Amino acid sequence: MIPAPGIIALLTDYGLSGPYVGALKAVILGINPAATIFDLSHGIEPQAIEEGAFVLGQVAPYLPEGTVCVAVVDPGVGTARRAIAIRTSRGMFVGPDNGLLSAALDDKARGAAREPTSSAVPVPAGALAVELTNPAYFRHPVSATFHGRDIFAAVAAHLSLAVPLEAFGPALSDVQAFPPWRAVPQGDGSFASRVVYTDRFGNLVTDVRASDLPGTAVRVRIADRELSGLQRTFLDGPELVVYAGSSGFLEIARRNGSAADALGVIRGESVLVMVSQ
Amino acid sequence: MIPAPGIIALLTDYGLSGPYVGALKAVILGINPAATIFDLSHGIEPQAIEEGAFVLGQVAPYLPEGTVCVAVVDPGVGTARRAIAIRTSRGMFVGPDNGLLSAALDDKARGAAREPTSSAVPVPAGALAVELTNPAYFRHPVSATFHGRDIFAAVAAHLSLAVPLEAFGPALSDVQAFPPWRAVPQGDGSFASRVVYTDRFGNLVTDVRASDLPGTAVRVRIADRELSGLQRTFLDGPELVVYAGSSGFLEIARRNGSAADALGVIRGESVLVMVSQ
Amino acid sequence: MIPAPGIIALLTDYGLSGPYVGALKAVILGINPAATIFDLSHGIEPQAIEEGAFVLGQVAPYLPEGTVCVAVVDPGVGTARRAIAIRTSRGMFVGPDNGLLSAALDDKARGAAREPTSSAVPVPAGALAVELTNPAYFRHPVSATFHGRDIFAAVAAHLSLAVPLEAFGPALSDVQAFPPWRAVPQGDGSFASRVVYTDRFGNLVTDVRASDLPGTAVRVRIADRELSGLQRTFLDGPELVVYAGSSGFLEIARRNGSAADALGVIRGESVLVMVSQ
């Protein structure tokens, strides 16, 4: 069993203005007053499961060992979608079974589909996923619309107290996952990519991994513009710069400004990346 | 005396961009470095006392026993409005005496007035409210405009160290409170309600309590629309759905969207709820 | 050596929506799981170094002794700008050497230049500044664009474990600092000031210190308006009020509203303050 140092990380689309994030933390501290809680993000666009999964994937590699990560972007709350917890070599994750917890799985486990929708994939060997069905670990009464508070936060707090994962419900053979964010080369060696995330600075994150590029003579087409060259940082170039971002994806940035605004693009925009070997 | 595990919860209208919330936490940790601080919300609309009181009321039932809750929405700072702390069976609350701390009191103690303004109500038997007058527990010099930092945060830190409430100042016989958010049935059995909160998702929270409904054949009139039926979740219905929200109030939501935007309404909007028994 | 109670304060321009702040905290807790982390602000305008330095200066006096303060507003990341840590009587600060850490230095050490740009100033006697060059305390691989995660957060975590500052790299004789926010009287006794900060309430913070005023018969000219008198709080006056704010600077506020909106001004606006002795 992974040690449980009592660290719990939170990611939701609740926003910070209302009572919802506070309610999660209150429930957690009521069960484990010694928990160390920290926020990954509560600013995921409402109900944007894929965005939440992507942001979680950006942070997951840095979580301390033993962290219990609670993620809630849950447009299907109260329906037949399952509530799950999954433990893999990448950590322990709790949330709805809608692909949000994809960061628990490596690229291979997440399959080869290319659509930005989640699908059921087998739980890999060595991992354990359970459906959260044991009411002994819920807060009661369980609301039909706030499983974050009544199921996920409560379960995470018990996990942080080292309750074994097996106690929370039956093991699952499959879970929902998004395919890897990893543009694949086309016949001509180019990558058909898209903007999978735009950050506060207006930087555009694509799903092309720098490590997959066969060379550095890169040309990028986006929104009727063509950008040339691969820079080391967003300062090393002309107005619009292509570089390998801090998580290994190709990013497009604007020196001292917002590339999203300059190009007039948002999440989902198509990007074509061409590389001369 | 309630045990003091050193958990302190914060709710303000300070926003998260500026130095104010950081200053509260710095002062608290300077007095009690072992305190566990967590945020309920800092996104209350500036100076919106009733909104702050409502959000606090939504979270208060989940606060761990012994939590010291600091709330600051304080347009009257530096005037004759009193600084108070109040301990009841619902917890320990610190802040301005302007109704913001209404969550400390149960419905009965908060009186029967129906206007959305606060008024003085007697401190109930078994509760203790004190005016914060003892400068030994303030940070000095005390600013005329930032009692959050110099009085409320400092007092909360001392309370979290188990200083007895009586030490902070004289007992009060009354405190300001808003009337309960609880629409009362009219002569014909309908409820004249209003939107008391809109959340990030655009869900509209009314002050009708689901537990007060004599039946489930509900019709709701809002903004020239009439909605029929009471659903279990915001997914179980047509475009606009009425259901009992996670805190027991009737809410109006839009499937995969914002009811506030769809109806063009904001906090305060009138809502008529009719029930056939 | 200053004691290290494990308290770490964070200030960035990362915003709270994306993965960046979560990554800082994850890295810190991975190195020091017992650290107490709290946020000063992550809402600094993107790349607004002076704004970040000002907000940090507003909070720094209240930080608990031994706090390690990490600040990252870093448009020059990946360039020749140095990564530094500095310890003074005001605390321990970690971040880019671009003036952001000016709060580490008192007014005298920060020089007499009046332009709102940073310049190199000598590290004062009794203080120690080092360039962060020892890779043993970095997270690897070090990204060219995310030193917040890979250098500053990691270094701060090690500092919170009481690693001596000397271990992180060579001592520096100078660091970048902004001149003090302190308008100086002109020949006629008036102060040529500017708005150095606008807060969430629309209050305008100037760089005139109340303690520098030779009298209280104050007239303020801003945006073609003239305001008279110095009030105790923002409630004690007509529509627009001048008063000494909670950090000692003259502020302009609007009773129950936003002075910034009412005057149509933003950060940087010129303000003339005249005082009759």
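Each chain gets a letter, A, B and so on, in the order its sequence line appears, and its residues count up from 1. Keep in mind the model is a prediction, meaning the values are calculated, not measured.
With a 4.5 angstrom heavy-atom cutoff, A:F54 does not touch chain C via any of its atoms. In this structure, the portion of C:H42 lying under 4.5 Å from any heavy atom of chain A is its backbone and not its side chain. For C:S17, the parts lying near chain A are the backbone and the side chain together; criterion is any non-hydrogen pair under 4.5 Å. Looking at A:L10, neither its backbone nor its side chain comes within 4.5 Å of chain C, counting heavy atoms on both sides. Heavy-atom distances place both the backbone and the side chain of C:V77 under 4.5 Å from chain A.
Your options are C:A26, C:G18, C:G22, C:G76, and the one with the most heavy-atom pairs under 4.5 Å with chain A is C:A26. Of all the listed residues (A:L40, A:L16, A:D39, A:T198), the one sharing the greatest number of non-hydrogen pairs under 4.5 Å with chain C is A:L40. Counting heavy-atom pairs closer than 4.5 Å to chain C, the top-ranked of the candidates A:A9, A:G248, A:S41, A:G57 is A:S41. Counting heavy-atom pairs closer than 4.5 Å to chain A, the top residue among C:P141, C:P46, C:P75 is C:P46. Of the listed residues C:P19, C:G30, C:G15, the one with more heavy-atom pairs under 4.5 angstrom with chain A than any other is C:P19. When the candidates C:T36, C:I28, C:I44, C:I31 are compared by the number of heavy-atom contacts under 4.5 Å with chain A, C:I44 comes out ahead.
Interatomic distance, CZ of A:F38 versus CG of C:L24, reported as 10.5 Å (0.5 Å rounding).
Pairing each heavy atom of C:R149 with each of A:S247, the nearest pair is NH1-OG, 4.3 Å. The two residues A:N256 and C:Q47 have their closest heavy-atom pair at OD1-OE1, 3.3 Å.
Using cut-offs of 30° and 60° on the angle between ring planes, the pair A:F201 and C:Y14 is perpendicular.
No donor-acceptor pair closer than 3.5 Å links the side chain of A:R232 to the backbone N or O of C:T145. The backbone N or O of C:D13 lies less than 3.5 Å from a partner atom in the side chain of A:R200, making a donor-acceptor pair.
In this structure, the side chains of C:P33 and A:I7 come closer than 4.5 Å at one or more pairs of heavy atoms. In this structure the side chain of A:Y62 never reaches within 4.5 angstrom of the side chain of C:K25, judged on heavy atoms.
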